[in-house]
Amino acid sequence: MTRDASHSIAAVWLPLPDVGSLADPSLARWLFRGDLETVPGPVEPLDALAALVEASVPAEGRAALRFYGQTGDSPAVWMAGADPVYLEPRLDHLYVHAHAPGDLSVAEFRQLFAHLQDTLAGDGDFAFARVGAYGYLRSDEPMATARLSPQAVDQRVPNDYMPAGEAAVLYRQRLSEIEMALHEHPVNEVRVGAGSFPANSLWLWGGGTMPAVEKFELPPLFCNDPLLLGFWRKAGGPLAPLPVSVGEIIDITEGGFASIIPLAADSEPLLEPALDALRAALHGGRLDEVRLHFANDLRVTLRPRHRFRYWRRSSPVPELERVAS
């Protein structure tokens, strides 16, 4: 892909699932006047940002890409993401609770993975490893895995996103062994006693070897997500440290950028200041286009001329329409 550097585009993933909670109605009105579409979800930040910058993303081998983004090393073996989750039993189904990176302490993570390695990986056909706040499963025998990360399927029914059929037999076997091994583990007993979610299973996803990634002319990426960092590096895109604010990113870039709005210390995204900075840059001529993808699967494209859409009275996003009115 050849990107037109003269056309300055900001492509941003915003981890707020409810745009109807915007406190500033002027920001809601600004979004409301853009080109709005709902995208069938859930959508990974990688897929969302790649679509916004018109890049192709490999469907398999995403755990290897994430490992590369964390370490700079390209793994030569098959691996899957193996991230701790809490599978909550409900009346007639399970419910996924993803553990955000850092939710488990280093000591908790180490104990859980050491226990899995000692109890399940003795024959050497597969192994568990922890790199920072992320887990991995290396296997001599590849297997079908979930495509989406646990963060993408958080607060959902897991069976809808797990592999099925004959290809998933080994996956189900591994998952059952993991759940039995983590049942009543001391780490989980302490967490439950403290009122925290346990880690009673792993979410196995993104399996494969390191995928081939087509080279793209990408804008600089500002984020700390290791999967996005791995893809961007493989695709030849520039990487940059994550500044404090979107306004700072706009100040130091030319020709646009891609980013994920970070979470503040209180876990609330720095949403409205970011949107305000993007709006000002668009109206001030520093950006030609703003492309946004919200975690509730709403995609918004905004151009300077859209601010004159005073005639718009309806929207495919009712919660945004209510705030903007």
Inter- and intrachain pairs under salt bridge (charged side-chain N to carboxylate O under 4.0 Å, His left out), touching [range], at least two apart:
range	result
residues 99-109	D103-R191, E108-R191
residues 158-176	R174-E177
residues 133-153	D47-R147, R138-D140
residues 223-252	D251-R286

Original post:
For R303, what residues pass the salt bridge (Lys or Arg N to Asp or Glu O under 4.0 Å) criterion, not counting sequence neighbours?
Top reply: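 Scan of R303 (salt bridge (Lys or Arg N to Asp or Glu O under 4.0 Å), adjacent residues dropped) gives D35, E289.
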**OP:** Check whether more than 12 heavy atoms from other residues, nucleotides or ligands sit under 6.0 Å from atom CD of E60, and answer yes or no.
**Re:**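 No, the 6.0 Å shell around CD holds no more than 12 heavy atoms from other groups.
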Sequence-distant partners of [X], ring-ring contact (aromatic ring centres under 6.0 Å, His included), two or more places apart:
X	value
F231	none
H183	none
H99	none

Answer whether the closest heavy-atom distance between the side chains of [X] and [Y] falls below 4.5 Å.
X	Y	answer
L31	L292	yes
L229	Y68	no
D288	L282	no
I250	F257	yes
L170	Q173	yes
S259	V246	no
R130	V106	yes
L228	I260	yes

Original post:
Taking it one step at a time, do T301 and V290 satisfy side chain to side chain contact (heavy atoms under 4.5 Å, CB included)?
Top reply: CA-CA 6 Å; T301 300; V290 172; over 6 Å; no
[X] and [Y]: which non-hydrogen atoms are nearest, and at how many Å?
X	Y	value
P219	V53	CG-CG1, 4.0 Å
A127	Q117	CA-OE1, 3.5 Å
L204	A82	CD2-CB, 3.7 Å
L182	N188	O-ND2, 3.2 Å
P84	F113	CG-CE1, 4.2 Å
A64	G208	CB-O, 4.2 Å

State the [atom1]-[atom2] distance between [X] and [Y], to the nearest 0.5 angstrom.
X	Y	atom1	atom2	result
W203	L175	CH2	CG	8.5 Å
I178	L202	CD1	CG	4.5 Å
L275	W30	CG	CH2	6.0 Å
L287	T253	CG	OG1	7.0 Å
L227	L65	CG	CG	6.0 Å
N200	M180	CG	CE	12.5 Å

Original post:
Step by step, would you call F294 with L271 a side chain to side chain contact (heavy atoms under 4.5 Å, CB included)?
Top reply: CA-CA 10 Å; F294 291 86; L271 176 64; 4.0 Å; yes
Group every Ile, Leu, Val, Met, Phe, Trp and Tyr by side-chain heavy-atom contacts under 4.5 Å, then state whether [X] and [Y] land in the same group.
X	Y	answer
L239	L49	yes
W205	V43	no
V39	V300	no
W13	F216	yes
Y171	M79	no

Subject >> Verdict with supporting geometry, H293 and L14, side chain to side chain contact (heavy atoms under 4.5 Å, CB included) >> reply: CA-CA 6 Å; H293 196 126; L14 301 112; over 6 Å; no
Subject >> Test applied, side chain to side chain donor-acceptor pair (under 3.5 Å); reference residue, S149; option that passes from R62, E44, R66 >> reply: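 Output: one option passes, namely E44.
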Original post:
When clusters are formed from ILVMFWY side-chain contacts under 4.5 Å, directly or step by step, what else is grouped with V157?
Top reply: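 Members besides V157: none; it forms no cluster.
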**OP:** Measure from the side-chain N and O atoms of T209 to the backbone N and O of V77, and report whether any donor-acceptor pair falls under 3.5 Å.
**Re:**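 Not a single qualifying donor-acceptor pair exists.
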**OP:** Would you check if the side chain of D297 reaches a backbone N or O of T38 as a donor-acceptor pair within less than 3.5 Å?
**Re:**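 No.
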Original post:
Tell me the ring pair (Phe, Tyr, Trp, His ring centres under 6.0 Å) pairs involving residues 134-168, sequence neighbours left out?
Top reply: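 Pairs touching residues 134-168 that pass the test: F67-Y136.
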**OP:** Evaluate side-chain hydrogen bond (donor to acceptor under 3.5 Å, both in side chains) for S26 paired with R279, printing each intermediate quantity in order.
**Re:** CA-CA 10 Å; S26 72; R279 177 177 58 178; 3.1 Å; yes
Subject >> Steps toward side chain to side chain contact (heavy atoms under 4.5 Å, CB included) verdict (V12, I261) >> reply: CA-CA 7 Å; V12 182; I261 300 301; 3.6 Å; yes
Original post:
Considering residues at least two apart in sequence or located in another chain, which fulfil the side-chain hydrogen bond (donor to acceptor under 3.5 Å, both in side chains) criterion with Q151?
Top reply: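 Q151 satisfies side-chain hydrogen bond (donor to acceptor under 3.5 Å, both in side chains) with no other residue.
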Let me check something: any side-chain donor-acceptor pairs from residues 87-96 under 3.5 Å, sequence neighbours excluded? List them with distances.
| residue | atom | partner | partner atom | Å |
| --- | --- | --- | --- | --- |
| E88 | OE1 | R90 | NE | 3.4 |
| E88 | OE1 | R90 | NH2 | 3.3 |
| E88 | OE1 | H97 | NE2 | 2.6 |
| Y95 | OH | Q155 | O | 2.8 |

